[in-house]
Amino acid sequence: ADYLMIRFAETLPAEVSQNVEIGNIVNPGSVKTVNFSLATKNASYYDIDTGAISGTNIQAGSLSGETMSGDQYVVSEFATYTIGFTPANNIPQNGTIEITFDPYYDLSSIQAGDVSGNAGSTASIDGAKLIITVGTAAAKDVSITLVISNVKNPAFEQTTGVFAIETKNASGNLMDTGSAAGVGILSGDLTNLSTTTSSKEILNMTDWYQFDFTLQHAVPQNGYVKITCDADYALGSTYAITLGYTLTTGGDYLKLQTD
């Protein structure tokens, strides 16, 4: 039923404020704004007075114990992430767990079956949001651990933003919210590093240097290679010998950008 009926043993006088407290009412199971309609009736259930109370807001529950971790954090590498939390409300079958990643993640390779930890769950993507449709109902106050594969890390070193987490019922109505702390994305490794010179290597003499290295990850268009030198080098008149690069200098560094 969606109504309460209160029967009074005595006559209620007009123009007198009434205060009625009712216990053990269970709030709606999702976030919404609710309205109440009131009516007084005679013994034959015909209306006497009517009115309405509007604008009561049902608030989301709070997740607890939110964590997010990956099996690796190197830039642009595919990783498997594990998320954990405890819901404040039951998550029904076909409800959803929605995780919003930092926008620098690439989620486009995640397939429907790339989530485990809840039998029958499936994954879908909406921009930076991973939507997990729950295959098995999850009880409130019981911790949940989900494993998501084929997450591509951001393309540059950073500390990511938080991972926002929401649970919703099967109708898409919000139930609980929370967030897990961001993670540190690490740079890759240059390999086969070496330096050769024109063999002068005499103090205060002008020299040329060749720097050799192998990239772990591609440098995007308008990216660059930065070479930081000892502060005692004089770099003001340097130029690029190898074709295809534009060279700029700072006080103790060289910056090479492809033409």
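Residues: numbered from 1 along the sequence shown. Note that the structure is a prediction, hence the values are computed from the model and not measured.
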(request) Before giving the answer on side-chain hydrogen bond (donor to acceptor under 3.5 Å, both in side chains), spell out for Y253 and Y233 the whole-Å C-alpha distance, their side-chain angles and the decisive distance to 0.1 Å. (result) CA-CA 9 Å; Y253 67 86; Y233 277 98; over 6 Å; no
(request) Kindly indicate, with the supporting measurements, whether the criterion side-chain contact (heavy atoms from CB on, under 4.5 Å) is fulfilled by F211 and I227. (result) CA-CA 9 Å; F211 299 91; I227 303 170; 3.7 Å; yes
(request) Apply side-chain contact (heavy atoms from CB on, under 4.5 Å) to the pair I132 and T96, showing each step before the final yes or no. (result) CA-CA 5 Å; I132 299 170; T96 58; over 6 Å; no
(request) Step by step, work out the side-chain contact (heavy atoms from CB on, under 4.5 Å) result for T133 and N94. (result) CA-CA 6 Å; T133 301; N94 296 323; 4.3 Å; yes
(request) Determine, stepwise, if the pair Q93 / V134 fulfils side-chain contact (heavy atoms from CB on, under 4.5 Å). (result) CA-CA 5 Å; Q93 185 180 30; V134 174; 5.6 Å; no
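Considering all non-hydrogen atoms of both residues, V147 and T82 come closest at CG2-OG1, 3.9 Å. The two residues A88 and S62 have their closest heavy-atom pair at CB-O, 3.5 Å. L256 and A240 get closest at one heavy-atom pair: CD2-CB, 4.4 Å. The minimum heavy-atom distance linking A155 with S76 is given by the pair CA-OG, 3.4 Å. Of all the heavy atoms in L174 and K168, the pair that sits closest is CA-CG, 3.9 Å. Summarising the geometry of L235 relative to T249, their closest heavy-atom pair is O-CG2, 3.6 Å, with the distance given to 0.1 Å.
Note on Y104: it does not cluster hydrophobically with I185, by side-chain heavy-atom contacts below 4.5 Å among ILVMFWY residues. Residues L4 and V34 are members of separate hydrophobic clusters, defined by side-chain heavy-atom contacts under 4.5 angstrom among Ile, Leu, Val, Met, Phe, Trp and Tyr. Both M68 and I110 are members of a single hydrophobic cluster when ILVMFWY side chains are connected at heavy-atom separations under 4.5 Å. A single hydrophobic cluster is not seen to contain both I131 and I91; linkage of ILVMFWY side chains at heavy-atom distances under 4.5 Å, directly or through other members, places them apart. If you chain together hydrophobic residues whose side chains sit under 4.5 Å apart, F36 and I48 never meet in one group.
Between the side chains of Y224 and Y245, no donor-acceptor pair of N or O atoms lies under 3.5 Å. Of the N and O atoms on the side chains of Q210 and D212, at least one donor lies less than 3.5 Å from an acceptor on the other residue.
To the nearest 0.5 Å, atom NZ of residue K255 and atom OG1 of residue T246 are 10.5 Å apart. Taken from CG in N192 to CZ in F213, the straight-line distance is 11.0 Å, to the nearest 0.5 Å. With rounding to the nearest 0.5 angstrom, the NZ atom of K129 is 11.0 Å from the CD1 atom of I99. Expressed to the nearest 0.5 Å, how far CD of E166 lies from CD of E98 amounts to 6.0 Å. For the atom pair F156 CZ and S187 OG, the distance stands at 13.0 Å (nearest 0.5 Å). The CG atom of L12 sits 10.5 Å away from the CG atom of D49 when rounded to the nearest 0.5 Å.
At least one side-chain heavy atom of I53 sits under 4.5 Å from a side-chain heavy atom of L38. Using a 4.5 Å cut-off on side-chain heavy atoms (C-beta onward), T86 and L63 make no contact. Side chains of Q72 and T80 form no contact here, defined as non-hydrogen atoms less than 4.5 Å apart. The closest side-chain heavy-atom distance from I97 to L130 is not below 4.5 Å. The shortest side-chain heavy-atom distance between N153 and Y81 falls under the 4.5 Å cut-off. Taking the side chain as every heavy atom from C-beta outward, T248 and L254 never approach each other to under 4.5 Å. Using a 4.5 Å cut-off on side-chain heavy atoms (C-beta onward), T159 and V183 make no contact. Two residues are said to be in side-chain contact when any heavy atoms from C-beta on lie closer than 4.5 Å; I148 and I83 meet this criterion.
Taking a cutoff of 4.0 Å between a charged side-chain nitrogen and a carboxylate oxygen, E77 and K152 do not qualify as a salt bridge.
No more than 12 heavy atoms of other residues, nucleotides or ligands lie within 6.0 Å of CD in Q221, so this atom counts as exposed by the packing criterion. Heavy atoms from other residues, nucleotides or ligands lying under 6.0 Å from CG of L243 number 12 at most. Open room surrounds OH on Y45; 12 or fewer heavy atoms of other groups in view lie less than 6.0 Å from it. When the shell of 6.0 Å around NZ of K41 is examined, it contains more than 12 heavy atoms from other residues, nucleotides or ligands.
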Report all side-chain donor-acceptor pairs from residues 111-127 shorter than 3.5 Å, counting only partners two or more places apart or in another chain.
from: Q111; atom 1: NE2; to: S109; atom 2: O; distance (Å): 3.4
from: D114; atom 1: OD2; to: Q111; atom 2: N; distance (Å): 2.7
from: D114; atom 1: OD2; to: N150; atom 2: ND2; distance (Å): 2.9
from: N118; atom 1: OD1; to: S121; atom 2: OG; distance (Å): 2.6
from: N118; atom 1: OD1; to: G135; atom 2: N; distance (Å): 3.0
from: N118; atom 1: OD1; to: T136; atom 2: N; distance (Å): 3.0
from: N118; atom 1: ND2; to: T136; atom 2: O; distance (Å): 2.9
from: S121; atom 1: OG; to: N118; atom 2: O; distance (Å): 3.0
from: S121; atom 1: OG; to: G135; atom 2: N; distance (Å): 3.3

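With Q216 contributing its side chain and D189 its backbone, the two residues share a donor-acceptor pair below 3.5 Å. Remark: side-chain polar atoms of D252 are not paired, donor with acceptor, to backbone N or O of D230 under 3.5 angstrom. Side chain of S37 to backbone of A52: no donor-acceptor contact under 3.5 angstrom is found.
Classified by interplanar angle (parallel below 30°, tilted 30° to 60°, perpendicular above 60°), the ring pair F101/Y105 is perpendicular.
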